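Input: a single structure, listed below in structure tokens.
Lettering of chains follows the sequences in order, A, B, ..., and the numbering in each one begins at 1. Since this is a predicted model, take the numbers as computed values, not measurements.
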Amino acid sequence: MLRANPLTFLGFVLVVLLVVAAVLVVLSPQLLVPYRATQETKAYTVPPTLLRWPPSLVHPFGTDETSFDLYSEVMLALPLDLAIGLFIAGSALLLGGALGLVAGFWDRPGTIGAVASAAILRTTDVFLAFPSLLLALAIVAALGFNLNALLLALVLTWWPYYVRLVRGEVLAIRHLPYVTAARAAGVGELRILGRHVVRNLLEPVVVYFTLDIGTVLVSFSTISFVFGAAIAYPRPPEWGNMLSTFQVNQPITHAWWLIAFPALAIFVTALAFSLFGDGLRDVLDPRTRRALVQSQGVSAAPPPSELAQPTGPAAESAGGSGP
Amino acid sequence: MGRSLEDLAIFVGKRLLQLLPVLFGVIVLAFLITHVAAIDPCPRWYPKAGHATIMHCEAQFSRPVPVQFYDYFTQLLSGNWGTSQSGDPVLPHILAGVPATLELVLASLFLMIVIGIPLGVLGAAYAGRWADHLVRIFYLSGWATPTFVGAILVVYYLAPTLGLPTSGVYSAAPPFPERTHMSVVDALLAGNLPYTVDALKHLVLPAAVLAFINMGIATRMTRASMLEVLPLDFVRAARMKGLSNFVVLYKHALRNALITTTTVLGVTAGGLLAGTVVIEEIFQWPGIGAYAYVSLGATGVPNFDGAIAVVVVFALGVVLANLVADILYGILDPRVEWR
């Protein structure tokens with residue numbers, strides 16, 4: 001399945017490599033990280049006149065203005081940045097997904113569910129009216145710049161997209177004949193939800209989630225960049241923050257590597273998840289898969305059943321990424 | 001059929017009415033963030049203020065929340081949006097910034113349409129082959145690039161190579177009156193060709209960065225909806241008639257796929273507007289994005305009233321863009337009934 005598209009495969013390999021590297025950095029840092037965290041002094045001496053070394057064999061990414069090995073710093077930030085991406089997208093998925101399920105499944109008029117659904121949807125509309133990055137910036141500005149505020153700000157701005165996605169899918173699934181059949185056969189509502197609706201939701205949600213991790217990292221680094229210049233040493237090992245302090249202290253023209261490598265780390269990580277998620281969507285979505293198969297000249301796929309994938313709000317909400 | 005002009009008026013009117021609760025919600029949410037959620041707000045928003053200002057601020061915040069909201073809400077409605085710490089009124093500043101931001105956003109929307117949509121068609125037409133892969137790498141690269149990184153790279157490396165300016169809207173103060181405060185439009189209105197070229201030169205880089213970052217949405221949506229349309233019978237029929245590939249793709253298929261892509265207008269508004277915050281700051285573009293950057297405290301001197309105002313104004317921008325996209329969709333898709 002993955003071999004259908006070399007880019008999806010590339011994304012998959014990169015994601016696996018990044019995750020393995022992050023786990024290794026946490027479990028046994030000495031394998032991948034030659035120098036310890038920035039707070040510790042280093043064992044080797046540097047000429048005091050030249051603290052910033054350009055990339056060399058000893059320091060593949062060069063060193064920063066306090067002579068710390070940049071490669072070590074970038075690697076040490078990897079687990080944190082991945083965890084941030086997973087945490088934010090995951091929390092948004094759980095929160096938004098649960099609300100989306102409620103809003104999509106229990107909205108029969110005249111019930112408490114309908115009131116709850118309406119409330120959820122109106123609240124979602126309000127949150128979606130803000131450019132998500134700006135809302136996150138405002139929340140960080142109000143709460144103060146620290147990791148907790150950043151995480152909270154991004155989760156608060158990210159969940160509405162999952163409400164839209166999940167609700168759209170639920171609305172499309174819940175009137176399909178097999179759901180009606182299950183209901184006619186006397187299957188309980190909760191069981192229908194778990195067994196027939198949620199299970200069919202997983203595919204689009206997982207795809208969106210994979211794509212989202214990259215977007216989250218990019219947004220996180222942007223907020224970190226905007227406010228990061230104001231915070232003092234010791235610098236937390238996070239890519240966006242490294243970029244921010246470097247940008248202020250060292251103009252890029254003096255030491256390009258200080259900007260290039262942390263930026264490259266963000267770019268590669270976000271690209272890996274995007275390639276993987278974007279390709280996954282093409283492979284999993286029967287409508288695009290059919291066109292892909294046809295265009296590749298492989299023997300014609302069987303005509304898709306009319307019931308396979310209804311178009312509707314789901315298609316729209318899945319198509320548009322968040323910020 | 002429900003598609004007369006009267007019906008259109010009802011269609012638009014209904015959507016305008018639906019905006020009101022969303023706008024009220026926006027104002028409430030902005031209030032909750034700035035007034036209620038804020039931890040120890042006074043030292044945060046007035047870091048360099050004297051004792052008197054802090055005392056005044058704390059007195060404001062210690063009032064009952066409904067009273068605070070009433071004051072805040074009536075102030076917003078009356079158009080008195082407060083002042084910055086140095087006494088600059090907020091609203092005139094923001095109003096002056098709106099045209100510049102609008103110009104930047106429209107320019108990048110234009111680039112997204114003329115570059116992003118054909119790329120999406122290309123990707124769909126050659127789905128699964130190398131052209132498709134290249135297109136995908138291109139738009140996902142934009143997606144994976146943090147806005148500030150893209151802007152910094154362009155300012156330091158691309159701009160000197162191309163010999164393009166990287167700050168402001170004109171190289172020198174213009175000799176003509178700035179009526180619209182949109183640099184290109186003003187120069188055109190004055191009939192001043194050198195200044196028009198100069199304004200375009202200043203506009204192209206920030207607009208290109210903004211477009212590149214958001215390109216993925218346009219390309220991806222076009223590609224996906226083209227892939228849905230391409231296997232349909234009317235496309236095959238067009239091919240069988242012996243029409244050229246170009247005509248089939250752009251005249252028959254894209255026309256139908258584009259209806260979905262119009263929603264891009266609404267979806268990208270948030271991304272484009274958010275992008276202006278960093279891009280305007282780096283390119284010194286005199287719009288509301290740069291104002292937001294400063295007001296939210298990125299430079300260490302936050303502006304409480306300004307922060308509220310930019311948040312509300314940006315949300316208003318997104319809501320209006322969604323409205324335009326919604327109405328366009330209703331007009332373009334003949335299946336939508338306007339009643």
Side-chain angles (χ1 to χ4, degrees), chain A residues 4-7 122-123 125-135 137-144 214-215 218-219 221-222 225-227 229-230 240 243 247 252-253 259 263 266-271 274-275 278-279 282 287-288 290-292 294-296 311 315-316 319-323, chain B residues 21-23 25-26 28-30 33-34 37-39 41 44 124 126-129 133 136-137 140-141 143-149 152 156 216-217 220-221 224-225 227-228 230-231 260 263-264 267 269-271 273-275 277-278 292-293 296-298 300 302 307 310-311 314-315 318-319:
Chain A
N5 187 330
L7 286 184
R122 293 296 84 78
T123 313
D125 283 346
V126 170
F127 273 86
L128 286 174
F130 292 93
S132 53
L133 184 69
L134 190 85
L135 184 60
L137 284 173
I139 294 174
V140 173
L143 297 184
T215 322
V218 169
S219 297
S221 72
T222 305
F225 170 79
V226 169
F227 288 110
L243 282 169
Q247 157 75 1
I252 187 171
T253 39
I259 301 285
I266 297 174
F267 179 77
V268 168
T269 313
L271 189 67
S274 304
L275 279 176
D278 201 34
D282 265 1
R287 282 168 298 168
T288 50
R290 181 163 166 242
L292 275 176
Q294 280 184 352
S295 79
Q296 280 179 324
T311 44
E316 253 169 58
S321 138
Chain B
V22 173
L23 284 180
V26 161
V28 171
L29 185 56
I33 292 169
T34 49
I39 304 161
R44 174 151 304 128
Y126 295 96
R129 282 183 260 168
H133 298 329
R136 187 179 297 227
I137 289 201
L140 287 180
S141 300
W143 209 315
T145 307
T147 320
F148 62 96
V149 172
I152 289 172
Y156 284 104
I217 302 174
R220 205 156 158 265
M221 250 187 170
S225 44
L227 281 181
E228 276 173 40
L230 283 180
T260 328
T263 43
V264 160
V267 179
L273 281 175
V277 175
V278 172
Y293 187 89
L296 289 171
V310 290
V311 169
F314 270 84
V318 174
V319 168

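Looking at B:Val28, neither its backbone nor its side chain comes within 4.5 Å of chain A, counting heavy atoms on both sides. Heavy atoms of B:Val22 lying under 4.5 Å from chain A belong to its backbone as well as its side chain. Looking at B:Val277, the atoms closer than 4.5 Å to chain A (heavy atoms on both sides) all sit in the side chain, from C-beta outward. Proximity to chain A (any heavy atom under 4.5 Å) is shown, for B:Ala307, by neither the backbone nor the side chain. For B:Val278, the part lying under 4.5 angstrom from a heavy atom of chain A is the side chain only.
Pairing each heavy atom of B:Val319 with each of A:Ala129, the nearest pair is CG2-CB, 3.6 Å. Contact detail for B:Val318 and A:Phe130: the closest heavy-atom pair is CG2-C, 4.5 Å. Minimum interatomic distance between A:Leu135 and B:Ile33 (heavy atoms only, all atoms of both residues): CD1-CD1, 3.4 Å.
Using a 4.5 Å heavy-atom threshold, the side chains of A:Val218 and B:Trp143 count as separate. Taking 4.5 Å as the limit, some side-chain heavy atom of A:Pro6 sits within range of a side-chain heavy atom of B:His133.
For the options A:Ala270, A:Pro131, A:Gly214, heavy-atom pairs under 4.5 Å to chain B are most numerous at A:Pro131. Comparing B:Thr145, B:Leu273, B:Val149, B:Leu29 by heavy-atom pairs within less than 4.5 Å of chain A, the highest count is held by B:Leu29. Among B:Ala30, B:Pro302, B:Ala274, the residue with the largest count of heavy-atom pairs under 4.5 Å with chain A is B:Ala274.
Legend: residues meeting side chain to side chain contact (heavy atoms under 4.5 Å, CB included) with B:Ser141, ordered by chain and number and at least two apart, are A:Phe267, A:Leu271, B:Ile137, B:Phe212.
Of the inter-residue distances, the one linking A:Ile259 atom CD1 with B:Tyr156 atom OH reads 8.5 Å to the nearest 0.5 angstrom. The CG atom of B:Leu296 sits 6.0 Å away from the CG atom of A:Leu134 when rounded to the nearest 0.5 Å. A distance of 9.5 Å separates CG of A:Leu137 from CZ of B:Phe314, quoted to the nearest 0.5 Å.
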